[in-house]
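The structure under discussion appears below in the form of structure tokens.
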There are 2 protein chains.
Amino acid sequence: MLVHSVSNCPILPPLPAVAVQPHAKAGETLFWEGEETDCLYHLQSGIVRGVRYTEEGERNIVGFYFAGDRIGVPVGGTYRFTAEAITVVTYATVRLNVLADDIRSGGTARLFETVQTELGADEVHSQLLCRQGALQRMCAFAACLYRRLNGAAIEAIAQVDIADYLALTPETVCRSLKKMRDSGVIAMPRHDRIEVVNPAALTAMSLQ
Amino acid sequence: MLVHSVSNCPILPPLPAVAVQPHAKAGETLFWEGEETDCLYHLQSGIVRGVRYTEEGERNIVGFYFAGDRIGVPVGGTYRFTAEAITVVTYATVRLNVLADDIRSGGTARLFETVQTELGADEVHSQLLCRQGALQRMCAFAACLYRRLNGAAIEAIAQVDIADYLALTPETVCRSLKKMRDSGVIAMPRHDRIEVVNPAALTAMSLQ
DNA sequence: CGAAATCTTGACATGCGTCAAACGTGGTGG
DNA sequence: CCACCACGTTTGACGCATGTCAAGATTTCG
């Protein structure tokens, strides 16, 4: 199975009734790569992209995150990537010490729930990048998001972002999308909206 | 920084003095992908490769693991990949419920410590695959292992395995290694031994 | 010592990156 | 409300790097 199961809705800690829901506008940053981790983020709506800049200044996208995902897991005490809101995003933050209490009270399965999103996202990313052929990679990517979003249209993700995620050029992404349109597996009413019309054909094309 | 810091030596739990050290011969499997996770593995010596087979039967290598690494983190209760010993391997196992108690008492830091190896490995893998150009990818890979092994020679890793790890063909791996030999950045007294002669040149060649 | 696996080298075709230019779109300010 | 501008997308032409196929050399292991 290429698609992992990070799509389960989170059981969120109760919030004070009067609290204003934390949110970010499109383009805003939730946290920065290398910054010291003080809390994790449970996404509730919207789309976030994980970004990392290489030494040469190249931009890499490490993942796209949606409602239900938990991001911000530290390695060495700091965030592993920069989290940028693509759309308006609402979320809940969980301070590390609160999380510790949560872990103590929960079961063993609960233990790794926290790291599941990021572990799964990196795993998927590697699997996508392993596919040779731009078209296969694009189809696998679309199939992946299709399942993650339970069939909803893929929206608001720029082709440039897809390119930086799949290690392709924007031109190649555009051409691949055109082929997918011509084959009738997807429809694109707008530049930033991909509707999967034929899921079976999509997975077939993603196979090598 | 391309290279992450999973190279810290682990503080291992004390073992019974009379216990026979668990070990595996080259080619043996420590655990299987999809199998229910009952314990994690702390590697103490030797080399392990993480393998995953795609639906089409293609072999992917997700990472190489060395002394000090902790592998076997479950997602959804099962192992994320198959762990095969490349050399003779010695290790210590930690049962999941023991680990759970350990994490509960140790807090979030202990949790993140546990997943550091696999999170870091996937991260590195993605970063390597993002580099376009076979030579750059190979150089980045070599530089990565060079730092992970603290300058020791890279040994016992077959070129086929490198190919499956970097999403290249064995032929391309071989040709890239030849270029690196001709450039004088590495030496190869045997087919399965890579000695980094010029680390500076190596990192320079890995830049895009 | 023999056989199987791995590595090496060559020739060839093609798919993707690069460069360049035009088009569409969304946002901002007058 | 319209005009303009900046950014992202689209399309084309071209060259090179890498995958593919094939044959031979080397190593490893029984």
Side-chain angles (χ1 to χ4, degrees), chain A residues 25-28 49 56 58-61 84 86-88 128-141 154-182 186-194 205-208, chain B residues 25-28 49 56 58-61 84-88 128-141 154-182 186-194 205-206 208:
Chain A
K25 281 178 286 193
E28 285 185 350
R49 68 172 167 238
E56 312 93 58
E58 262 195 39
R59 192 183 77 144
N60 277 0
I61 291 196
E84 298 174 355
I86 291 184
T87 63
V88 176
L128 289 175
L129 291 173
C130 274
R131 319 219 150 214
Q132 82 273 38
L135 187 59
Q136 285 92 333
R137 230 181 273 181
M138 278 294 304
C139 287
F141 171 70
I154 300 158
E155 219 163 350
I157 299 183
Q159 294 182 23
V160 182
D161 287 351
I162 301 178
D164 285 346
Y165 179 64
L166 295 179
L168 299 169
T169 60
E171 292 94 328
T172 302
V173 169
C174 181
R175 280 187 251 264
S176 300
L177 284 172
K178 186 184 173 65
K179 283 180 193 166
M180 293 161 75
R181 256 179 282 142
D182 293 347
I186 62 165
M188 290 178 64
R190 254 184 301 134
H191 290 154
D192 61 345
R193 183 180 170 93
I194 301 173
M205 287 178 82
S206 73
L207 299 182
Q208 301 167 358
Chain B
K25 282 179 285 196
E28 284 185 349
R49 69 172 166 238
E56 311 95 57
E58 264 194 37
R59 194 183 76 145
N60 278 359
I61 292 195
E84 298 174 357
I86 290 183
T87 63
V88 175
L128 290 174
L129 290 173
C130 274
R131 320 220 148 214
Q132 80 273 36
L135 187 59
Q136 285 93 333
R137 232 182 272 182
M138 278 295 304
C139 288
F141 171 71
I154 301 159
E155 219 163 349
I157 298 182
Q159 293 180 25
V160 182
D161 286 352
I162 301 179
D164 284 345
Y165 179 64
L166 295 180
L168 299 169
T169 59
E171 292 95 327
T172 303
V173 169
C174 182
R175 280 187 250 266
S176 300
L177 284 172
K178 187 183 171 68
K179 283 182 193 165
M180 292 160 74
R181 257 179 279 143
D182 293 347
I186 62 166
M188 290 177 64
R190 253 183 304 134
H191 288 153
D192 62 344
R193 184 181 169 92
I194 301 173
M205 286 177 83
S206 72
Q208 302 167 358

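Computation of the quantities below employed the complete heavy-atom set of this structure, encompassing side-chain atoms and omitting hydrogens, waters and symmetry-equivalent molecules. Throughout, protein chains are lettered first and strands after them, A, B, ... in sequence-line order, and every chain is numbered starting at 1.
The two residues B:Ser206 and B:Ala140 have their closest heavy-atom pair at CB-N, 3.5 Å. Summarising the geometry of A:Ala26 relative to A:Ile86, their closest heavy-atom pair is CB-O, 3.2 Å, with the distance given to 0.1 Å. Closest heavy-atom contact between A:His191 and A:Met188: O-CE, 3.4 Å. A:Leu207 approaches B:Glu56 most closely through the heavy-atom pair CD2-OE2, 3.0 Å. What you find for B:Leu129 and B:Tyr165 is that their closest heavy atoms are CD2-O, 3.9 Å. Residues A:Leu128 and A:Arg137 share a closest heavy-atom pair of O-CG, 3.0 Å.
No side-chain heavy atom of A:Arg131 sits less than 4.5 Å from a side-chain heavy atom of B:Glu58. Counting only heavy atoms from C-beta outward, the side chains of A:Ile194 and A:Met180 never approach each other to under 4.5 Å.
If you measure from atom CE of B:Met138 to atom P of D:dT18, you get 12 Å, rounded to the nearest angstrom. Put simply, CZ on B:Arg190 is 16 Å from P on C:dT6, counting in whole angstrom units. As a whole-Å value, the separation of B:Asp192 CG from C:dT6 P is 12 Å. As rounded to whole Å, 14 Å separates atom C1' of C:dT18 from atom CD of A:Glu58. A:Gln132 has its CD atom 13 Å from the C1' atom of C:dT14, to the nearest Å. Whole-Å rounding puts the A:Ile162 CD1 to D:dG8 C1' distance at 12 Å. A:Leu135 places its CG atom 13 Å from the P atom of C:dG17, with the value rounded to the nearest Å. Rounded to a whole Å, the CD1 atom of A:Ile194 is 16 Å from the P atom of D:dG8.
If you find the closest nucleotide of DNA chain C to A:Lys179 and to B:Met188, the one lying nearer the 5' end belongs to B:Met188.
Scanning for salt bridge (Lys or Arg N to Asp or Glu O under 4.0 Å) contacts around B:Arg193 gives B:Glu155, B:Glu195, with sequence neighbours left out. Legend: residues meeting salt bridge (Lys or Arg N to Asp or Glu O under 4.0 Å) with B:Arg49, ordered by chain and number and at least two apart, are B:Glu84, B:Asp161.
For A:Thr172, a side-chain nitrogen or oxygen approaches OP1 or OP2 of C:dG17 to under 4.0 Å. Residue B:Gln159 has a polar side-chain atom (N or O) positioned under 4.0 Å from OP1 or OP2 of C:dT8. Phosphate contact (OP1/OP2 of D:dT10, side-chain N/O of A:Lys178, threshold under 4.0 Å): absent.
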Between protein and nucleotides 19-24 of chain C, what N or O pairs are separated by less than 3.5 Å?
from: C:dC19; atom 1: N4; to: A:Glu171; atom 2: OE2; distance (Å): 3.3

Pull out every protein N or O sitting under 3.5 Å from an N or O of nucleotides 4-7 of chain D, one pair per line with the distance.
none

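Residues from residues 163-170 of chain B lying near DNA chain C, meaning a heavy-atom separation below 4.0 Å, are absent.
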Expected list for residues 170-179 of chain A: side-chain donor-acceptor pairs under 3.5 angstrom, two or more places apart:
from: A:Thr172; atom 1: OG1; to: A:Thr169; atom 2: OG1; distance (Å): 2.9
from: A:Ser176; atom 1: OG; to: A:Thr172; atom 2: O; distance (Å): 2.9

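One finds the CG atom of B:Asn60 at 7.0 Å from the CG atom of B:Asp164 (value rounded to the nearest 0.5 Å).
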